Amino acid sequence: MQEGGTQDGKSASELIDGRIKELGDWRGETLARLRALIKQAAPEAVETWKWRGVPVWEDAGIICTGETYKAIVKLTFARGAALPDPAKLFNSSLEGNTRRAIDFKQGDKIDEGALKALVREAVALNKSKAKR
């Protein structure tokens with residue numbers, strides 16, 4: 001996976017590593033697991049660091065962001081509303097016309113196969129839009 005976006009001389013990947021470590025709890029573990037699944041599903045994706053500290057994965061456009069809050073880890077898919085979601089992973093930001101998100105709470109099980117399929121769909125959508 002390539003790296004994009006830097007801050008304080010650190011690559012985006014190093015900044016994401018730092019965020020995971022500084023969280024030091026279930027949120028860091030969840031973000032690390034989600035990151036690994038994104039990398040498996042989209043090995044060409046680039047990690048970036050945007051908006052003053054949000055991990056972002058991109059391939060021909062933004063795939064998703066990984067935000068951490070007190071009670072949730074949120075994966076927001078930039079074009080989620082246009083993605084098929086047969087496993088019904090999206091459980092947040094459902095009212096908009098563009099984005100969709102998945103909120104993970106402590107103890108939630110990650111449907112790894114469905115999440116990787118969603119990431120692959122997001123990359124395919126980005127690439128189809130980029131060719132136009």
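Computed over heavy atoms, backbone and side chain alike; hydrogens, waters and symmetry mates excluded. As the structure is a computational prediction, the values presented were derived from the model and not from experiment.
Sorted by first and then second residue, the ring pair (Phe, Tyr, Trp, His ring centres under 6.0 Å) pairs with a member in residues 70-93 read F77-F90; sequence neighbours excluded. Pairs engaging residues 91-126 under the ring pair (Phe, Tyr, Trp, His ring centres under 6.0 Å) rule: none recorded [sequence neighbours left out]. Pairs of residues two or more places apart, or lying in two chains, that qualify as side-chain hydrogen bond (donor to acceptor under 3.5 Å, both in side chains) and include a residue from residues 77-90 are R79-N126.
With hydrophobic clusters built from ILVMFWY side chains whose heavy atoms lie under 4.5 angstrom apart, V119 does not share a cluster with V56. Both I110 and I16 are members of a single hydrophobic cluster when ILVMFWY side chains are connected at heavy-atom separations under 4.5 Å.
When the side-chain hydrogen bond (donor to acceptor under 3.5 Å, both in side chains) test is applied to E67, the partners found at least two apart in sequence or on another chain are T65, Y69, T76. Every residue meeting the side-chain contact (heavy atoms from CB on, under 4.5 Å) condition with A87, not counting sequence neighbours, appears here in chain and number order: L89, D111, A114. With sequence neighbours excluded, no residue forms a side-chain hydrogen bond (donor to acceptor under 3.5 Å, both in side chains) with K105. Scored by the side-chain hydrogen bond (donor to acceptor under 3.5 Å, both in side chains) test, D25 finds R27 as partners (sequence neighbours excluded). Scanning for side-chain contact (heavy atoms from CB on, under 4.5 Å) contacts around T98 gives an empty result, with sequence neighbours left out. Partners of A32 under the side-chain contact (heavy atoms from CB on, under 4.5 Å) rule, at least two apart in sequence or in another chain, are I20. Partners of R33 under the salt bridge (charged side-chain N to carboxylate O under 4.0 Å, His left out) rule, at least two apart in sequence or in another chain, are E112. Remark: E29 pairs with no residue by the salt bridge (charged side-chain N to carboxylate O under 4.0 Å, His left out) rule, at least two apart or across chains. With sequence neighbours left out, N91 forms a side-chain contact (heavy atoms from CB on, under 4.5 Å) with I102, D103.
Going from atom CD of Q106 over to atom NZ of K70 covers 13.0 Å, rounded to the nearest 0.5 Å. Going from atom CG of L31 over to atom CG of L23 covers 7.0 Å, rounded to the nearest 0.5 Å. Taken from CD in E14 to CD in E47, the straight-line distance is 11.0 Å, to the nearest 0.5 Å. In this structure, the separation between CG on D108 and CH2 on W26 is 7.5 Å, given to the nearest 0.5 Å.
Put simply, the side chain of R35 reaches to within 4.5 Å of the side chain of D17, judged on heavy atoms.
When every heavy atom of C64 is checked against every heavy atom of I38, the shortest pair comes out as SG-CD1, 3.7 Å. Across every non-hydrogen atom of R100 and G80, the tightest pair is CG-C, 3.4 Å. G66 approaches L75 most closely through the heavy-atom pair CA-CD2, 4.0 Å. K74 approaches S92 most closely through the heavy-atom pair NZ-OG, 2.8 Å. Contact record, A41 with K116: CB-O, 3.5 Å, taken as the closest heavy-atom pair.
Ion pairing of E58 with K50 is present here, as a side-chain N (NZ or NE/NH1/NH2) and a carboxylate O approach within less than 4.0 Å.
Within a 6.0 Å radius of CZ in R19, more than 12 heavy atoms belonging to other residues, nucleotides or ligands are found.
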